[in-house]
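Please read all numbers here as calculations on a predicted model, not as lab measurements.
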Amino acid sequence: MAPLIDTGIRPLACLLSEASGHRSRENIALKADSGMIAPNTVLAEDATEPGKYVPAAAGATAIGIALYGGDTSEGEVFVPGLMRDAEVNVHTLIFAPDVDTAEKRVAKIAQLRAVGIIAR
């Protein structure tokens with residue numbers, strides 16, 4: 001039997017259910033120079049550039065999830081973002097590096113719930 005190869009978390013892996021049509025998603029811009037952003041990353045709006053999204057650090061308010069990732073080293077990247085009315089698998093979410101305790105992750109999950117994204 002061939003060995004299994006784990007390629008990591010895949011785009012859309014977090015998605016359990018979403019609203020009909022396109023109500024749950026928006027086309028969003030990942031802020032330039034934010035590094036490599038993985039699929040299923042919990043996002044916040046950038047404080048210095050409204051309308052651009054970055055991984056939600058511990059002190060920022062989580063407001064969505066990047067369904068696809070991107071390398072922002074050469075400029076902003078547009079991806080579909082899950083922004084409302086959805087259920088996600090909490091075990092597949094990617095958090096900013098400083099969201100490193102259970103308490104901080106619970107806070108991010110509560111912030112997502114406030115915009116209608118329920119983590120199960």
Side-chain angles (χ1 to χ4, degrees):
M1 177 192 246
L4 294 176
I5 298 173
D6 182 5
T7 58
I9 294 180
R10 291 153 189 79
L12 304 166
C14 68
L15 192 58
L16 296 175
S17 70
E18 62 183 318
S20 299
H22 302 284
R23 195 170 81 215
S24 296
R25 300 183 190 192
E26 291 182 18
N27 192 29
I28 61 170
L30 301 177
K31 182 182 175 190
D33 297 321
S34 298
M36 187 68 146
I37 296 179
N40 311 300
T41 296
V42 177
L43 300 173
E45 192 168 27
D46 185 67
T48 60
E49 288 188 61
K52 310 290 172 143
Y53 294 86
V54 295
T61 301
I63 60 170
I65 298 170
L67 292 176
Y68 287 81
D71 182 359
T72 64
S73 62
E74 293 186 23
E76 67 185 32
V77 175
F78 290 91
V79 298
L82 193 61
M83 307 308 282
R84 67 190 73 74
D85 298 331
E87 294 176 296
V88 295
N89 180 342
V90 69
H91 301 293
T92 60
L93 296 178
I94 305 296
F95 295 93
D98 67 341
V99 181
D100 54 358
T101 66
E103 293 79 17
K104 291 177 184 177
R105 290 186 176 144
V106 167
K108 293 295 166 222
I109 291 166
Q111 292 165 358
L112 289 172
R113 181 178 289 273
V115 296
I117 300 173
I118 311 303
R120 301 208 183 274

Looking only at non-hydrogen atoms, find the nearest pair between [X] and [Y] and report the distance.
X	Y	answer
Ala66	Val79	CB-CG2, 4.4 Å
Leu43	Ile65	CD1-C, 4.0 Å
Ala119	Leu93	CB-CD1, 4.5 Å
Ala44	Thr61	CB-O, 3.2 Å
Pro80	Ile28	C-CG1, 4.5 Å
Asn89	Thr92	O-OG1, 2.9 Å

Do [X] side-chain atoms and [Y] backbone N/O form a donor-acceptor pair below 3.5 Å?
X	Y	answer
Ser73	Gly35	no
Glu26	Gly81	no
Ser24	Arg84	yes
Asp46	Val54	no

Are [X] and [Y] packed together at the side-chain level, in the sense that at least one heavy-atom pair is separated by less than 4.5 angstrom?
X	Y	answer
Pro50	Glu45	yes
Met83	Val115	no
Lys31	Thr48	yes
Ile118	Arg113	yes

Residues in salt bridge (charged side-chain N to carboxylate O under 4.0 Å, His left out) contact with [X], at least two apart in sequence or another chain:
X	value
Glu18	Arg25
Asp85	Arg23
Asp71	none

Check: What's the verdict on side chain to side chain contact (heavy atoms under 4.5 Å, CB included) for Tyr53 and Ile37, showing C-alpha distance, side-chain angles and the deciding distance?
Finding: CA-CA 10 Å; Tyr53 294 86; Ile37 296 179; over 6 Å; no
Next item on the list: Only counting residues at least two apart or in another chain, list the ones meeting side-chain contact (heavy atoms from CB on, under 4.5 Å) with Thr101.
Entry: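 Checked Thr101 against side-chain contact (heavy atoms from CB on, under 4.5 Å); matches are Glu103, Lys104.
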Item checked: Electrostatic pair Glu76-Lys52, nearest N-O below 4.0 angstrom ->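 Looking at Lys52 together with Glu76, the answer is yes, because their closest N to O distance falls below 4.0 Å.
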Note to self: Applying side chain to side chain contact (heavy atoms under 4.5 Å, CB included) to Val77 and Tyr68, what does each step give before you reach the verdict?
What the structure shows: CA-CA 10 Å; Val77 175; Tyr68 287 81; over 6 Å; no
Next item on the list: List for me each residue that meets side-chain hydrogen bond (donor to acceptor under 3.5 Å, both in side chains) alongside Asp98, sequence neighbours excluded, and say none if there are none.
Entry: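 For Asp98, no residue satisfies side-chain hydrogen bond (donor to acceptor under 3.5 Å, both in side chains) once neighbours in sequence are set aside.
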Table please: side-chain donor-acceptor pairs of residues 105-112 below 3.5 Å, with sequence neighbours left out.
from   : atom 1 : to     : atom 2 : distance (Å)
Arg105 : NE     : Val99  : O      : 3.4
Lys108 : NZ     : Ala57  : O      : 2.9
Lys108 : NZ     : Ala58  : O      : 3.3
Lys108 : NZ     : Ala60  : O      : 2.4
Lys108 : NZ     : Gln111 : OE1    : 3.2
Gln111 : OE1    : Ala62  : N      : 2.8

Check: Leu82, Leu16: one ILVMFWY side-chain cluster at the under-4.5 Å cut-off?
Finding: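 Leu82 does not cluster with Leu16.
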Notebook entry, point to check: Stepwise, does the side chain to side chain contact (heavy atoms under 4.5 Å, CB included) test hold for Leu67 with Cys14?
Noted result: CA-CA 8 Å; Leu67 292 176; Cys14 68; 4.0 Å; yes
Notebook entry, point to check: Would Ile94 and Val42 count as a side chain to side chain contact (heavy atoms under 4.5 Å, CB included) if you check the C-alpha gap in whole Å, the side-chain angles of each, and the deciding distance to 0.1 Å?
Noted result: CA-CA 6 Å; Ile94 305 296; Val42 177; over 6 Å; no
